[in-house]
Every structure is written in C-alpha cells, then in structure tokens.
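See structure below.
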Amino acid sequence: MSDIEVSIAHRQGDFRLEVVFNTPASGVTALFGHSGSGKTSVLRAIAGLIRADHGHIRVNGELWQDQDYFLPTHRRPLGYVFQEASLFPHLSVRQNLEYGWRQIPAAERKIPFDSAVELLGVGPLLKRATRRLSGGERQRVAIARALLTSPRLLLMDEPLSALDHAAKQAILPYLESLHNEFGIPSLYVSHDPREVARLANQVVILDQGKVVAYGDAANIMTRLDLAPARFTDATSILEGSIASHDATYHLTWISMLGGRVAVPREELPVGKRARVEIQARDVSLSLKAHSDTSIINILPCRVTDTREISTSQLMVRLELEDGQTLLSRITRHSAMALGLIEGCRLYAQVKSVALID
Ligand SMILES: Nc1ncnc2c1ncn2[C@@H]1O[C@H](COP(=O)(O)OP(=O)(O)OP(=O)(O)O)[C@@H](O)[C@H]1O
C-alpha cells in the first residue's frame with residue numbers, strides 16, 4: 001500500500017496529458033523529460049492545484065482524487081518547492097521557517113525545528129532578511145520551510161534549475177541527506193540527467209504528456225533507448241562499499257562484486273556503503289586488462305547495447321560482473337577498431353570516479 005499511484009488524463013489547451021505510473025512512497029522519484037513534456041502538470045495534479053479531467057491519484061492507500069472525489073490542496077499532506085523559492089520578502093529566514101512550522105498543530109509535527117535548520121545548513125542565516133540571500137541559500141530555506149510542515153510527500157519542481165553549477169553542487173548533498181534523515185518520499189522534477197542519476201531511486205520518463213518508461217533509476221538512466229543515456233554528459237552510478245585506504249598514494253578503494261575503483265582518500269569507515277558517479281565520457285574500453293596505463297580503475301564487463309548518439313560518437317551500455325550497469329561514450333572509430341558487438345567481453349578503463357555518499 002505504501003506507494004504513489006497516478007493514473008490521470010487531462011487536457012489543457014492543445015496539450016493532452018495521459019499519465020499512468022506507480023512508484024514506491026519512499027526515497028526519491030524523479031520525473032524526467034524535455035521542456036513541455038508535462039512534468040509540472042503532473043506535480044500540480046498531485047498537489048491538487050489542477051483537477052485532472054479523469055483518473056485517480058492515491059498516496060499510501062489514501063485517495064486524493066478520483067472521478068467523484070477531490071481532496072483540496074490544503075488537506076493534502078505535502079510540501080511543494082518551486083523552481084524559484086517563493087519566500088516572504090518582508091519576513092526574516094527564521095520567520096519564514098516558523099510560518100511553515102506553525103501551519104500544523106504541535107502534536108502532528110514530526111520534524112523538530114532545529115533538525116530541519118541543521119540538515120539544510122541554514123542556522124547561520126536565521127536572522128537574515130530573505131532579500132539578502134543567494135539563490136542557493138533561498139532554495140535551502142524553501143526546502144527547510146517545506147520540511148517543517150511535516151509533509152508525507154515532498155514535491156520539488158526543478159529546485160536547482162535557477163542555480164549555477166557551483167551552487168548546484170553545494171546543495172545536492174543536502175537533498176541527498178533529506179530522505180535518509182527523515183524518510184519523506186519526494187517527487188523531483190528535473191531535466192538534468194546527472195542530477196537525476198545522483199538523487200533518484202526511481203525515475204519516470206515523460207514525453208509529450210505520456211509516460212515512456214518508469215522504474216529503478218540505475219536501469220532507466222542507462223537504457224540506451226531512452227533520452228537520459230543519450231545526453232553527452234550521461235552518467236552511471238555504481239554501488240559498493242569502502243574496502244581500504246591507501247596511505248602512500250592517498251586513495252580510498254571502493255569494492256564491488258565486479259571489481260574495485262579508487263577515489264581521492266576520504267576518512268570513511270571500512271565496510272560503509274558507498275556510491276560513486278562515473279561520467280560516460282570518462283570510460284574507455286580495451287580488449288585486455290592493461291597494466292601499462294595510468295588508469296587504475298579497470299573493470300571487466302560485457303557489452304549489452306550500443307547506440308549512435310552523433311555522427312561520430314557511440315554510447316555503450318556495459319554490464320559489470322555483479323550485474324551493475326556502466327555507460328561508456330566512445331568514438332565510432334574506436335568501436336570499429338575494437339570489433340565491438342553486443343555480448344563481447346571487454347575491460348572498462350575509468351579515468352575519473354567521484355564519491356557521492
Ligand atoms: N494553463 C495551461 N493552459 C494551456 N496549456 C498549458 C497550461 N499549462 C501548461 N500548458 C501546456 O502544457 C504542456 C506541459 O507543460 P508543463 O509545464 O507541465 O511541462 P514541463 O515538462 O514541466 O515543462 P518545463 O520543463 O518547461 O517546465 C506545455 O505544452 C504547456 O504549454
């Protein structure tokens with residue numbers, strides 16, 4: 001019963017939304033798609049900001065809408081974070097947060113005020129006027145304010161899209177810790193494949209108002225028949241655990257069943273679960289496990305799919321020995337030189353690995 005069930009049809013102007021998906025009410029589900037594919041409309045329907053013409057929405061077994069019933073927005077236990085934080089300009093950060101906090105009776109508050117402040121790192125900003133915040137700070141305050149309403153579902157509509165690269169990178173770890181810390185499921189709209197690969201457990205891909213695919217993020221984000229893996233900065237996420245630290249070369253080794261990779265040394269306990277991000281452009285392929293190379297991350301793998309992404313470039317989907325998937329972007333010229341075909345066994349040489357958590 002603990003899932004989010006959406007089955008709606010809605011017409012707005014010439015645009016027709018026909019969306020059906022089911023996703024666990026835990027972790028982060030990303031809604032991914034091009035501009036105009038209907039992502040915001042789906043969030044608005046879930047929030048009750050529009051009433052879909054047909055269909056139903058059920059969250060954790062609780063009916064929010066069907067043909068005869070419509071739960072008004074203010075009675076849906078959700079927090080909504082928009083592209084640009086809509087904070088009250090005449091109130092301080094603390095007053096903005098207290099506004100969210102006071103919206104619900106004390107007995108129903110699940111998230112302590114100080115925990116939300118600490119998690120989003122907004123403690124030093126509490127006395128500030130909101131007009132004196134940077135874009136990234138504003139978004140952190142907006143997320144903290146949404147959390148303080150103790151929502152059972154968090155809806156986030158491209159909360160990072162107005163931020164530059166550095167501000168995005170700074171805020172991502174806060175978003176990552178959000179559901180680990182409080183276990184509040186989120187629906188997260190984005191058209192940035194790297195952001196989705198990092199944050200999402202599940203992904204729903206939308207195109208022209210319809211669901212093209214949905215399911216486990218690691219699978220969906222690396223499927224070559226879908227849009228995310230065809231971006232030039234496509235990314236794969238691998239899961240392993242901290243295996244050892246190398247004091248001489250200042251490295252931390254992360255092991256998976258299918259091999260191991262190194263990142264610059266991080267003081268993390270051996271055995272701790274770790275996730276790493278690998279960009280497709282940083283993965284080259286070789287027929288042998290070379291030792292005469294500067295690359296230390298060499299993973300045995302098998303080709304499961306290939307797709308041209310431009311006249312000169314190919315995206316290759318690889319399966320590691322433990323079943324995890326990795327993307328590699330190579331030239332068509334290299335693919336021919338390697339004699340690359342589906343099923344062939346190779347070695348992925350990974351030039352750069354970033355530890356996420
Ligand atoms: N109130 C409206 N009346 C008529 N058409 C609308 C209305 N709101 C949205 N649309 C249309 O519905 C389609 C989907 O819009 P939506 O905002 O859901 O897409 P999106 O995937 O979130 O896009 P973006 O990434 O650009 O925010 C678009 O073609 C848009 O022009």
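Source: prediction; values computed, not measured. All ligand and atom numbering here is 1-based and tracks the order in the structure.
Sorted pairs that involve residues 39-65 and meet ring-ring contact (aromatic ring centres under 6.0 Å, His included), not counting sequence neighbours, are lacking altogether.
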Which atom pairs, donor and acceptor, lie under 3.5 Å between side-chain atoms of residues 114-121 and protein residues at least two apart or in another chain?
none

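The existence of a salt bridge linking Glu277 and Arg275 is excluded, since no basic side-chain nitrogen approaches an acidic carboxylate oxygen closer than 4.0 Å.
A 4.5 Å side-chain heavy-atom check between Thr29 and Ile4 finds every atom pair outside the cut-off.
Tyr99 forms part of a hydrophobic cluster together with Phe88, Leu91, judged by ILVMFWY side-chain heavy-atom separations under 4.5 Å.
Within 4.0 Å of ligand 1, protein heavy atoms come from Gln12, Gly13, Phe15, His34, Ser35, Gly36, Ser37, Gly38, Lys39, Thr40, Ser41, Glu158.
Looking only at atom types and distance, the side chain of Gln324 has a donor-acceptor partner in the side chain of Asp322 under 3.5 Å away.
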